[in-house]
S.K.: 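Got a structure here, written out as C-alpha cells. Questions coming.
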Amino acid sequence: MLSHDILIVGGGLAGLAAALESDPNLKVAVISKVHPLRSHSVAAQGGINAPLGNHPDGADDSWEKHTFDTIKGSDYLADQSAAELMCRSAASAIYELEHMGVPFSRFPGRVIAQRPFGGAGFPRTCYAADRTGQVILHTQFEQSLKKNVKFYDEWLVTDLLIHNDRCLGVVAYDLKSGEILPLKARAVIFATGGYGRVFLRSTNAFINLGSGLGMAYRAGVPLKDMEFVQFHPTSMFGKNILITEGARGEGGYLLNNQGKRFMEDYAPSAMELAPRDIVARAIQTEIDNGRGFEDQYVHLDLRHLGKEKIDKRLPSIRDICINFGGFSPIEAPIPIQPAQHYSMGGIDVDETCASPVPGFFAAGECACISVHGANRLGGNSLLDAVVFGSIVGKTASEYVKGSQEFPDSESYILQKSLNRKQELEDKAKQDSGENVFQLLNRLKAFMSDKVGIFRNQKDLSEALEQIAQLRQDFKKSYIRSSCLRYCQEFVTFSEFDSMLDIAEVITLGALNRTETRGSHFRTDFDKRNDAEWLKHTLMTQKEAKPEINYREVEIGKYQPVERKY
Ligand SMILES: Cc1cc2nc3c(=O)[nH]c(=O)nc-3n(C[C@H](O)[C@H](O)[C@H](O)COP(=O)(O)OP(=O)(O)OC[C@H]3O[C@@H](n4cnc5c(N)ncnc54)[C@H](O)[C@@H]3O)c2cc1C
C-alpha cells in the first residue's frame with residue numbers, strides 16, 4: 001500500500017508552502033486532482049498584502065494597522081489573535097518568497113512595488129503586474145522539485161479516512177489509470193482550495209468543486225462560518241472572469257448608466273476601494289434599481305489611466321478583455337457584475353492549523369482559522385495561504401514525530417477503497433438514471449439566485465428544499481461513460497455529494513443567522529446584531545444531518561464598532 005508520513009492534498013499556494021516547510025527527513029507527498037501549476041492559485045491577479053511601507057503613501061504602515069484593517073474588514077468576526085499572527089508574519093513571508101525567486105514588480109529604487117486595495121488604510125498589496133499567483137506558484141513549485149517532494153498529479157481524493165478519532169489516510173482515484181487506490185498517511189493536510197463552482201456565477205476555476213470540505217464534513221470534522229461567501233464586485237459580465245481589484249487600486253472608476261461614480265452614495269471616503277462586500281452590494285443595488293446596463297451590469301472604466309499604465313500594471317486584464325470580450329480597456333469601459341469569489345468559511349482549525357481530529361490538518365482557502373471573519377480583504381488570501389501553509393507544514397511534522405503508527409489501519413483503509421470501487425462499478429453498470437452534470441447545473445442556478453448577495457428567509461428555505469430534492473435525484477444518478485480513464489463524469493459524480501453538503505451548510509447557516517454581517521446580508525434582518533450573533537457557526541455531520549453549534553469570537557484589543565468607510 002502507498003504510504004507517507006505526511007500527505008498533502010492540494011498543490012496550490014497553501015499545499016506547496018506546506019510541502020516546503022515539512023521536515024525534510026519525513027516522507028512527504030502532494031496529491032492533486034490537476035497538475036499543481038493548474039491549481040486556482042495560478043489565477044490570482046492583484047497581489048498579496050504586507051505592510052512593507054514601500055509606497056510613498058505607505059510609510060506609516062505597520063503590522064498593527066494591517067491587523068486592524070483585517071479585523072474591521074471582517075466585520076469583527078475574525079479571531080483577533082489569528083489575524084494578528086497572519087499580519088505579523090506578512091513582511092517576512094514576502095521576503096522569503098522574494099529570496100526563493102518570486103519576481104515581484106518593483107518601484108524605482110528596486111524595492112517591491114505596492115498598490116492600494118480595498119479596505120486597507122495604506123497601499124500594502126505587493127504584486128507582480130496582475131499575475132501574482134502565477135509567479136508565486138511557479139516559484140514554489142520549482143523549490144518543491146528541488147526539495148524532491150513526491151507529487152501525485154491528477155489524482156482525485158474521494159474519501160478522508162478517520163477511524164476511532166484518528167486520521168489514517170485517504171482513498172484516491174488515479175485519473176490516468178482509472179484505478180481507485182488507498183493511501184496511508186500518519187498525517188493528512190487538506191489544502192484543497194475553494195468551492196466556487198457550487199455557484200453559477202463564480203470567478204473560480206471549474207475544478208473548484210470543494211470536495212475537500214465535503215470529505216472532512218462527512219468524516220465528522222466541523223465546518224465553520226460557511227454562510228460567509230464572498231461575492232467579488234467586478235467579474236466580466238457574461239463570462240464572470242475576474243477583473244482584479246488592482247484595476248480599482250490603480251484608479252479605475254465604477255460608473256452607472258448615468259455616468260455617475262455611484263460609490264459616493266455608499267462609501268464616500270473609500271469610494272471604489274471600500275471592502276468587497278460593500279462594493280458588491282452597491283453594484284447590485286444600482287443594477288436592481290434600474291441604473292445598470294441591460295439590467296445586468298455596470299461599467300468599470302480604466303480609460304483615464306492611459307495605455308502605458310494599463311499595459312504595465314494590468315496587462316492580463318487587457319488580454320482578458322481583448323480575448324474574451326472583444327474590446328480593449330484602453331478604449332472602452334469593462335462591463336462588470338458581482339460573482340462568487342471566495343470562501344471565508346471552511347474546515348474548523350486552530351492557529352496551528354490542527355483540526356479537532358488528531359492527524360488531520362487544513363490550510364489555505366479550504367480552512368477557517370478564522371482570519372477573515374465575515375469578509376476577507378483583497379490580497380489577504382494569498383497571504384493566508386502562504387503563512388498558514390508554512391505553519392501547517394511545521395505542525396504536521398511535529399505531530400508525526402510525536403505520534404505512534406496506528407495499528408491495523410491498513411485493513412480499514414483497504415476496505416474503504418474497495419467500497420468506493422464497488423460503488424463506482426455499480427453506478428457504471430446502471431444503464432439509466434439522472435445525469436450528474438444536469439444535477440450540477442440545477443444546484444448552481446438556485447445557489448446563485450437564492451443564496452447570493454441579498455438573502456431572505458423565503459429564498460433560503462426554498463433553496464434548502466431544492467437541495468433535499470437534489471439529494472433524492474442524486475441517488476438515482478448513474479455513470480454513462482464506460483471508460484474510467486480521465487473520466488470527468490466520475491470526478492463530478494464523486495464531488496457532487498460534497499457539493500450538496502456544502503450547499504446545505506451554507507444555506508442553513510445563512511437561514512439561521514438572523515442578522516447582517518460582512519458578506520452575509522439578510523434583507524429581512526438588515527442590521528448587525530452583536531448581542532446575539534457575535535459568534536462563529538460550527539456545523540458537524542451527525543447521522544447524516546448537520547448539527548449546529550456556536551463558538552465565541554476571540555476579541556482582543558479591538559472592540560466591535562460600526563464599520564464606516
Ligand atoms: C481569479 C482569482 C483571482 C484571485 N486573486 C487573488 C489575489 O490577487 N490576491 C489574493 O490574496 N487572493 C486572490 N484570490 C484568492 C486566492 O487565489 C485563493 O484563495 C488561494 O490561491 C487559494 O489557495 P489554496 O492553496 O488554498 O487553493 P488552490 O490554489 O485552489 O489549490 C487547491 C488544490 O487542491 C487540489 N484539490 C482540490 N480538491 C481535491 C481533491 N478532491 N483531490 C485532490 N486534489 C484536490 C487542487 O487540484 C489544487 O491543487 C483569487 C482567486 C481567484 C479565483
Side-chain angles (χ1 to χ4, degrees), residues 46-51 53 55 57-58 60-91 114-125 225 227-233 245 248-249 263 266-282 341-345 351 368-384 387 453 513 515-521 526-531 533-536 552-565:
I48 174 165
N49 292 342
H55 192 284
D57 298 335
D60 289 336
D61 204 1
S62 65
W63 66 260
E64 288 95 338
K65 289 174 181 161
H66 186 186
T67 306
F68 172 70
D69 288 344
T70 300
I71 291 165
K72 181 179 172 193
S74 84
D75 221 349
Y76 295 90
L77 194 71
D79 284 330
Q80 297 195 7
S81 63
E84 179 177 320
L85 172 62
M86 179 177 81
C87 300
R88 252 180 202 276
S89 315
Q114 298 190 277
R115 58 167 55 123
F117 248 50
F122 297 91
R124 67 167 73 97
T125 305
D225 290 340
E227 59 270 35
F228 297 101
V229 179
Q230 179 159 83
F231 296 89
H232 197 289
E245 188 165 310
R248 282 171 285 137
M263 282 310 299
Y266 301 87
S269 33
M271 294 292 284
E272 280 86 356
L273 289 178
R276 289 178 177 174
D277 56 332
I278 294 173
V279 183
R281 274 196 294 275
H341 181 61
Y342 182 81
S343 162
M344 269 74 71
E351 284 175 26
C368 179
I369 293 176
S370 114
V371 287
H372 309 299
N375 172 64
R376 165 177 79 86
L377 294 186
N380 265 356
S381 164
L382 294 182
L383 180 64
D384 167 358
V387 167
I453 298 182
R513 189 174 277 274
E515 68 156 353
T516 283
R517 183 183 298 271
S519 67
H520 169 67
F521 194 98
D526 62 358
K527 296 274 172 314
R528 196 175 85 191
N529 177 352
D530 287 341
W533 286 107
L534 186 59
K535 57 189 179 188
H536 298 294
E552 288 296 296
V553 175
E554 201 251 29
I555 304 288
K557 293 198 253 218
Y558 306 108
Q559 284 305 313
V561 290
E562 192 190 341
R563 273 193 321 160
K564 289 206 177 101
Y565 289 94

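Predicted model only: the values in this text are computed from it and were never measured.
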S.K.: At what distance, to the nearest 0.5 angstrom, does CZ of Arg376 lie from NE2 of His232?
M.R.: 7.5 Å

S.K.: Nearest 0.5 Å, please: how far is CG in Leu77 from SG in Cys368?
M.R.: 8.0 Å

S.K.: How about Leu534 and Ile555: do any of their side-chain heavy atoms sit closer than 4.5 Å?
M.R.: yes

S.K.: For Asp530, enumerate each residue passing the salt bridge (Lys or Arg N to Asp or Glu O under 4.0 Å) test, keeping only those at least two apart in sequence or located in another chain.
M.R.: Arg517, Arg528

S.K.: Would you name the heavy atoms of Pro116 and Leu273 that are closest together and state the gap between them?
M.R.: CB-CD1, 3.9 Å

S.K.: Test your reading of the model: is there a side-chain donor-acceptor pair from Gln114 to the backbone of Ala50, 3.5 Å cut-off?
M.R.: yes

S.K.: Are the side chains of Glu272 and Val279 in contact, using a 4.5 Å heavy-atom criterion?
M.R.: no

S.K.: Less than 4.5 Å apart, any side-chain heavy atom of His520 and any of Met344?
M.R.: no

S.K.: Return yes if some donor-acceptor pair links the side-chain N/O of Glu554 with the main-chain N/O of Ser81 below 3.5 Å, else return no.
M.R.: yes

S.K.: Give a yes-or-no answer on whether the side chains of Ser74 and Asn375 include a donor-acceptor pair shorter than 3.5 Å.
M.R.: no

S.K.: Could you pull out all residues at least two apart from Asp384 that satisfy side-chain hydrogen bond (donor to acceptor under 3.5 Å, both in side chains)?
M.R.: His372

S.K.: Below 4.5 Å, heavy atoms only, C-beta onward: do Asp79 and Val553 meet side chain to side chain?
M.R.: yes

S.K.: Residues two or more places apart in sequence or in another chain: which of them pass side-chain hydrogen bond (donor to acceptor under 3.5 Å, both in side chains) with Glu245?
M.R.: Arg276

S.K.: Any side-chain heavy atom of Thr67 within less than 4.5 Å of one from Lys557?
M.R.: no

S.K.: Over all heavy atoms of both residues, which pair between Asn49 and Gly378 is shortest? Give the atoms and the distance, please.
M.R.: ND2-O, 2.9 Å

S.K.: Return the CD to CG distance between Glu351 and Leu85, rounded to the nearest 0.5 Å.
M.R.: 5.5 Å

S.K.: Can you check whether His55 reaches Phe122 side chain to side chain, under 4.5 Å on heavy atoms?
M.R.: no

S.K.: Think Lys65 forms a cation-pi with Trp63, using NZ or CZ under 6.0 Å from the six-ring centre and within 45 degrees of its axis?
M.R.: no

S.K.: For Tyr76, give me all partners under ring pair (Phe, Tyr, Trp, His ring centres under 6.0 Å), at least two apart in sequence or on another chain.
M.R.: none

S.K.: Ala90 and Pro51: which non-hydrogen atoms are nearest, and at how many Å?
M.R.: CB-CD, 4.0 Å

S.K.: Kindly compute the distance separating CZ (Arg281) from OG1 (Thr516), expressed to the nearest 0.5 Å.
M.R.: 7.0 Å

S.K.: Mind checking whether Ile369 and Met86 have side chains closer than 4.5 Å, heavy atoms only?
M.R.: no

S.K.: Look up atom CZ in Phe117 and atom CZ in Arg248, then write down how far apart they are to the nearest 0.5 Å.
M.R.: 8.5 Å

S.K.: Taking only residues two or more places apart in sequence, or in another chain, which ones meet Tyr565 in a ring pair (Phe, Tyr, Trp, His ring centres under 6.0 Å)?
M.R.: none

S.K.: Determine whether Trp533 and Arg513 make a side-chain contact, defined as any pair of heavy atoms from C-beta on separated by less than 4.5 Å.
M.R.: yes

S.K.: Roughly how far apart are Ile71 CD1 and Arg563 CZ, rounded to 0.5 Å?
M.R.: 13.0 Å

S.K.: Compute whether any side-chain donor of one residue and acceptor of the other, for Asn380 and His66, lie under 3.5 angstrom apart.
M.R.: yes

S.K.: Is the backbone of Gln230 close enough, under 3.5 Å, to the side chain of Asp277 for a donor and an acceptor to pair up by distance?
M.R.: no

S.K.: Considering residues at least two apart in sequence or located in another chain, which fulfil the salt bridge (Lys or Arg N to Asp or Glu O under 4.0 Å) criterion with Arg115?
M.R.: Glu250

